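The shown structure was predicted, so the numbers you read here are calculated from the model rather than taken from an experiment.
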Amino acid sequence: MLDRIQQLRNIGISAHIDSGKTTLTERILYYTKRIFAVHEVKGKDGVGAKMDSMELEKERGITISSAATFCQWNGHTINIIDTPGHVDFTIEVERALRVLDGSILVLCAVGGVQSQSITVDRQMNRYKVPRVAFINKCDRAGANPYRVVEQLRHRLNHNAVLMQIPIGLEAHFSGVVDLISMKAVYFGGPYGEEVVAEDIPAHLVDEANARREELLDAASMFSDELMEAIFEDTVTEELIHEAVRRGSLRRALTPVFMGSAYKNIGVQPLLDGVTHYLPSPKDVENTALDLDHDGKGVLLTSDSDAPLVALAFKLEVTPYGQLTYLRIYQGSMHKGGELTNTRTRKKLKVGRLVRMHADEMEEISEAGAGDIVALFGVDCFSGDTFTDNRLNVAMTSIFVPEPVISLSVTPKDNPSTTKLSKALNRFVREDPTFRSHVDQESGETIISGMGELHLEIYVERMKREFGADVETGMPQVAYREAISQKVAFDYTHKKQTGGAGQYGRVSGFMEPSEEGVFEFLNQVKGGVIPTEFIPAVEKGFQSCLEKGLLLGFPVLGMRVVVNDGQFHAVDSSELAFRQAAVGAFRQAYPSARPIILEPIMKVSVECPSEFQGNVLTSINQRRGLIMSASEDGVFTTIEAEVPLGEMFGYATTVRSLTQGKAEFTMEFSRYSKVPDHIAEKVKAEFAAQKKGGKK
Amino acid sequence: MIQDLAEVGPLGVLERSSHQGLGKGHLGVLIARAGVGKTACLIHIALSKLFRNEKLVHISLENAPEKVNFYYNVISSDLTKYLDMAQVANIKALIPRNRMILSFLNQSFQIRRLRENLANLAERIEFVPDTLIVDGLDFSNVSEDILKEFQEIARTSQVEIWFSALSHKHIADMNERGIPYPCNHVDHLFSIILQLEPSQSGIFLKLLKDHGNLIPPEAHVQLDPKTFIVTA
């Protein structure tokens with residue numbers, strides 16, 4: 001008998017935009033009897049699919065915010081997080097992958113492994129998430145699941161193994177052959193709810209036998225029992241399931257299912273696959289950082305009786321108040337119990353504990369290890385860890401990329417000012433890649449994020465959800481500064497204006513550092529700067545990095561070495577040495593040949609091969625460096641590195657160059673020096689802006 | 001210093017021994033069994049070109065660009081680990097600037113598409129290579145016509161083209177000129193033929209054909225199996 005945790009699956013559904021994952025989720029909820037009617041994504045009936053809970057998502061037909069929901073299948077509990085498909089929202093995907101144990105990778109039978117599938121797959125690798133693949137849209141013209149399997153193998157390096165083969169394709173797609181039971185499976189009833197197993201159609205028997213051989217070959221690599229059974233011709237379904245499960249949990253094998261969610265074909269076998277081949281929380285190793293022992297790793301056990309450790313991975317505003325989604329890694333939580341936020345050390349009581357079903361909820365009285373639940377009225381940030389105070393740990397932080405683009409937002413009227421501030425406060429808590437600040441010089445509110453679309457969506461939400469009427473400025477690139485040569489400094493801070501004086505001298509040098517981070521080295525000998533003042537010197541330099549002296553951008557990659565100095569027995573203080581460091585920075589920085597850095601994006605454009613030339617030209621014109629072109633069938637994927645400042649409006653350009661047939665994704669890669677002629681332009685623009693701001 | 005790196009790789013030695021290297025307009029091939037290091041050796045050849053600031057297109061018929069790039073990163077890191085930070089940064093910048101990766105996956109390779117790709121690179125982004133590296137061409141099935149087309153590309157585009165060819169342990173065929181399977185029937189199309197052979201003491205790189213020149217004994221070199229740097 002399996003216990004509750006072994007029958008629990010926390011899974012995500014990750015995919016390329018428009019590959020039909022929202023429709024697939026809708027069908028899963030229907031077959032698991034969480035909903036009693038099916039709707040389409042763009043909601044011809046005005047209702048919209050269940051998982052797209054935000055107004056805007058319903059309108060655009062894309063899923064922006066991940067909504068968690070839970071359902072049951074064959075005695076298993078499945079928590080599903082529907083993740084967004086656009087790369088600008090990958091923090092949502094990252095967070096989902098952090099808390100999930102397994103995932104369904106949805107691929108389109110026509111489009112196959114597209115550029116964003118590669119991005120999403122890379123993220124899943126980063127979090128070591130085992131997955132099963134579902135090739136959707138087998139009913140569409142041009143569907144070729146066999147080609148998609150080849151792409152999974154070659155483009156994503158998966159050991160992809162077909163668990164099924166299609167019966168018919170495109171308009172004739174009518175069911176699948178299950179290669180384990182060796183039965184043809186059809187889906188009857190108005191919504192495919194009646195699963196019927198029949199004999200394999202005669203014309204598919206040879207193909208099915210051959211593909212089953214391949215499946216057994218691949219699966220037997222993970223089970224000696226299966227290998228023996230193959231030799232002795234005593235293979236059972238359980239042996240195959242067990243072997244595939246082992247391979248899948250080790251991420252050494254990817255079981256591939258297929259169907260058409262829209263046509264209600266193939267969803268139930270996929271659910272069986274999820275329960276058979278994806279891990280339970282017990283199969284996954286999770287560690288937390290022990291805050292009492294310098295962040296030493298602590299292995300967590302998925303035991304409901306152990307001390308509680310839970311991670312807040314998503315915040316959402318609902319009509320009922322702030323909702324915090326939590327994944328419980330170990331221990332349990334119950335209504336009325338006490339929790340501690342290990343970041344703030346604040347204690348709080350568990351008020352309403354709910355299990356979410358998209359935007360509806362079910363109140364529960366307790367939840368145990370492995371569960372995904374939501375709490376009302378908890379004041380916290382996304383990424384906070386909660387315990388029952390028996391442990392002082394933090395879950396390893398979710399990788400949060402720095403924003404690369406910013407935009408000014410100005411309220412059009414007085415009421416909008418308050419609404420805007422409410423909206424910003426909310427968004428910042430929900431999404432760690434979304435930042436906001438007020439520019440001290442211009443007084444403007446600046447929002448920053450991961451891409452044009454990312455910010456556009458938030459501006460829309462300000463209007464729709466919070467009623468804030470705002471005007472936006474032109475998108476601005478998040479430039480940085482760095483020094484490019486080693487320079488010595490020797491600065492004495494001396495002040496004598498009555499009362500206690502200030503005295504501190506620091507000497508040493510600053511130079512570029514290879515890692516792009518700030519490094520401070522204390523090489524002072526003989527106590528010429530007393531040890532207690534050294535941290536003040538470091539802080540003094542560090543405070544200067546927030547605003548470089550070239551154009552006022554944050555400074556990256558600097559090593560400061562302090563090797564000499566002087567103090568005064570009476571007049572030296574932390575403040576004096578801090579000021580001395582600031583003075584030394586100001587003295588040396590202009591001579592260290594400061595340069596402007598710009599964010600470089602990794603851009604991937606996928607287009608039919610005949611448009612390769614046009615795409616190459618368009619990237620070249622944007623100061624892009626083409627890295628590679630990869631042909632697969634009739635499609636070419638071009639990978640390049642392009643400065644973000646050149647990418648504004650590229651979506652429109654690339655569409656018009658390719659008759660709307662290309663698509664592109666981009667993600668931040670690194671910072672790089674702005675070429676001199678562009679740097680001059682940037683300097684002139686900022687000078688003009690400053691002038692304008694002062695008027 | 002970067003020039004020195006170009007010298008320690010397998011190609012540096014061969015260029016010294018055979019007077020002129022492969023040369024533009026010519027085809028060269030590297031024969032080895034599976035797992036011996038054909039791709040690694042080709043990448044060494046590629047890196048020596050890149051370190052000399054020459055332009056190169058790496059054409060893979062097996063691997064996606066990400067994987068090819070990974071190989072380059074690993075091998076170049078091995079070669080540059082004793083250099084200082086600024087030199088490594090220079091080299092790191094040199095590789096993507098002078099190298100283009102073209103992948104043809106799932107049997108999608110066609111000479112016509114290669115020609116179109118090369119034309120696009122030249123016309124659209126002014127990337128004109130000095131060398132093509134072709135990794136993963138199936139020599140057991142490739143027709144002489146296809147190889148002649150490559151020869152034509154080498155002549156008209158004034159590039160040298162290096163191939164890898166997979167031999168088999170159980171196929172010992174060899175022609176009267178000492179050229180083994182799978183190049184024994186097409187050796188007349190290649191100006192340089194190299195063979196990688198593993199042994200207990202390391203990997204030997206043997207020069208089997210050199211533009212019709214006599215092959216000096218020092219043209220057979222021993223490579224470190226990990227770094228592919230010439231050891232003897």
Q: Identify which part of B:Glu66 has an atom lying under 4.5 Å from any heavy atom of chain A, answering side chain, backbone, both or neither.
A: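 Interface part for B:Glu66: side chain.
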Q. Under a 4.5 Å heavy-atom cut-off, does chain A meet the side chain of B:Asn63, its backbone, both or neither?
A.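 For B:Asn63, there is no contact with chain A at all, as no heavy atom is under 4.5 Å.
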Minimum heavy-atom separation for [X] to [Y], with atom names?
X        : Y        : value
B:Ile125 : A:Ile626 : CD1-CG1, 3.9 Å
A:Leu625 : B:Arg97  : CD1-CA, 4.3 Å
B:Ser108 : A:Glu631 : OG-O, 3.1 Å

Q: Answer with side chain, backbone, both or neither: which region of A:Glu639 has an atom nearer than 4.5 Å to a non-hydrogen atom of chain B?
A: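 Interface part for A:Glu639: neither.
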**Q.** Under 4.5 Å from a heavy atom of chain B, the part of A:Gln151 involved
**A.**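 For A:Gln151, heavy atoms of backbone and side chain both lie under 4.5 Å from chain B.
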Quick check: are there more than 12 heavy atoms from other residues, nucleotides or ligands sitting under 6.0 Å from [atom1] of [X]?
X        : atom1 : answer
A:Arg593 : CZ    : no
B:Arg124 : CZ    : yes
A:Lys673 : NZ    : yes
A:Gln523 : CD    : yes
B:His188 : NE2   : yes

(Q) Could you tell me if the side chain of A:Thr636 sits less than 4.5 Å from the side chain of B:Arg113, heavy atoms only? (A)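 Yes, at least one pair of side-chain atoms sits under 4.5 Å.
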**Q.** Side-chain heavy-atom pair B:Asn117, A:Gln612 within 4.5 angstrom cut-off
**A.**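 Touching, per the 4.5 Å side-chain cut-off.
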From [X] atom [atom1] to [Y] atom [atom2], the distance as rounded to the nearest 0.5 Å:
X        : Y        : atom1 : atom2 : value
A:Asn614 : B:Asn120 : CG    : CG    : 8.5 Å
B:Met100 : A:Met627 : CE    : CE    : 8.5 Å
B:Glu123 : A:Leu616 : CD    : CG    : 11.0 Å

Q | Residues forming a side-chain contact (heavy atoms from CB on, under 4.5 Å) with A:Ala160, sequence neighbours excluded | A |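 In terms of side-chain contact (heavy atoms from CB on, under 4.5 Å), with neighbours along the sequence ignored, A:Ala160 is linked to A:Val149, A:Leu152, A:Arg153, A:His158, A:Val256.
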